[in-house]
Q: 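Have a look at the structure that comes next, please.
These numbers were taken from a predicted model, which means no experiment stands behind them. Each ligand, and each atom within it, is numbered from 1 in the order the structure gives. Nothing fancy with the numbering, it's 1 onward along the sequence.
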Amino acid sequence: MRDTGETVEMKVEVIVATVFILCHSSLQDDEIRTEPRFDVNQEILKLHERIAKLTEDLTVMGEKNGALQERLAAVNLELKNLQDPPAIAFSAALTHPVGVYNVDITLVYSKVISNVGRAYNPITGIFTAPRNGTYYIRFTSCDNTQSHGMALDLYKNTEKINGLAKYSNGYMTYFSGGLVLQLEAGDVVYTKLPANSKLYDDGNNRTTFSGFLIFLT
Ligand SMILES: *[C@@H]1O[C@H](CO)[C@@H](O)[C@H](O)[C@H]1NC(C)=O
Ligand SMILES: *[C@@H]1O[C@H](CO)[C@@H](O)[C@H](O)[C@H]1NC(C)=O
């Protein structure tokens, strides 16, 4: 049978189709070969590691957040104190001579000169810090007899902070003391007359006990 134009055309078509299929399938093979192998276990392991890292990051963030909350509370407190500074200040005097006793006694300055904030108790002679803060506490003491020494001890709670003593020359003799004290709310400050000593007062407010809040801390 002679090749007609039609059969040649058909043959060319078949060859083109074969080449196309061969090329296409070889391309697909290449694609499959270049695709990295997908290892499920490996991927799960990687995810576990990422979750562990994220959990760690979250813990760190949580800690930072806690610290920030604390700082915020402190700043709020400072702000409140600035807006609302408490007024605490007092002075009180003895009304008559005290002593001599054979034991230490707490001095009761019953004549209130000022008592802003009412933190000083004129019945007990005790100042109670109403707030955490830095306070200035002071006293002035008088005596006018030579028979016994004049003396005074300042106490913060059960701790003696200072003790002053002097001999009067028989005329009005004075000593004073003053200290800055860091007090916590509830701390008490008071003075004691040591055993075998005496102090003098009359209507002149010669022997006094004073204090005031400088600032909150
Ligand atoms: C007072 O200070 C103490 C010791 O620093 C602290 O524990 C306490 O919380 C403070 N109180 C107030 C009301 O700030
Ligand atoms: C002593 O203090 C009281 C109370 O503040 C006052 O009334 C009185 O005048 C003072 N006495 C003298 C002599 O200053």
Q: Please could you name the atoms of ligand 2 that N204 approaches to less than 4.0 Å, counting only its heavy atoms?
A: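 By the 4.0 Å cutoff, the relevant atoms are 13 (C).
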Q: Would a search of protein heavy atoms around atom 5 (O) of ligand 2 find one under 4.0 Å away?
A: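 Yes, because at least one protein heavy atom sits under 4.0 Å from atom 5 (O) of ligand 2.
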Q: Going by atom types alone, do R206 and Y200 pair a side-chain donor with an acceptor below 3.5 Å?
A: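 Side chains of R206 and Y200: no pair found under 3.5 Å.
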Q: So which protein heavy atom does atom 1 (C) of ligand 2 come closest to, and at what separation?
A: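 The closest one turns out to be N205 ND2, 1.7 Å.
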Q: Yes or no, since that's all I need: does a protein heavy atom fall within a distance strictly under 4.0 Å of atom 9 (O) of ligand 1?
A: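 There is no protein heavy atom less than 4.0 Å from atom 9 (O) of ligand 1.
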Q: Closest non-hydrogen protein atom to atom 12 (C) of ligand 1, residue and atom name please, with distance?
A: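 Among all protein heavy atoms, the one nearest atom 12 (C) of ligand 1 is N132 ND2, 3.4 Å.
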Q: Would you check, one step at a time, whether the test salt bridge (charged side-chain N to carboxylate O under 4.0 Å, His left out) holds for K192 with D104?
A: CA-CA 6 Å; K192 277 188 173 184; D104 297 3; 5.2 Å; no
Q: Output yes when the distance from some N or O of ligand 2 to some N or O of G203 is under 3.5 Å, and no in every other case.
A: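 Indeed, backbone or side chain, G203 has an N or O that close.
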Q: Do Y190 and F209 have ring centroids that are under 6.0 Å from one another?
A: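 Here the rings of Y190 and F209 have centres that are no less than 6.0 Å from each other.
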Q: Taking Y109 as the fixed residue, which of T208, T95, T207, T191 is the one that meets the side chain to side chain donor-acceptor pair (under 3.5 Å) rule?
A: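 Result for side chain to side chain donor-acceptor pair (under 3.5 Å) with Y109: T191.
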Q: Would you check if there is a donor-acceptor pair between the side chains of S168 and Q146 at a distance under 3.5 Å?
A: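 Per modelled atom types, Q146 and S168 side chains form no pair under 3.5 Å.
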Q: Less than 4.0 Å between atom 14 (O) of ligand 2 and some protein heavy atom, yes or no?
A: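 Yes, there is a protein heavy atom closer to it than 4.0 Å.
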Q: For ligand 1, find out whether one of its N or O atoms is nearer than 3.5 Å to an N or O atom of E184.
A: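 Not met; the criterion fails.
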Q: Would you say the ring centers of F212 and Y136 fall short of 6.0 Å from each other?
A: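 So the answer is yes for these two rings.
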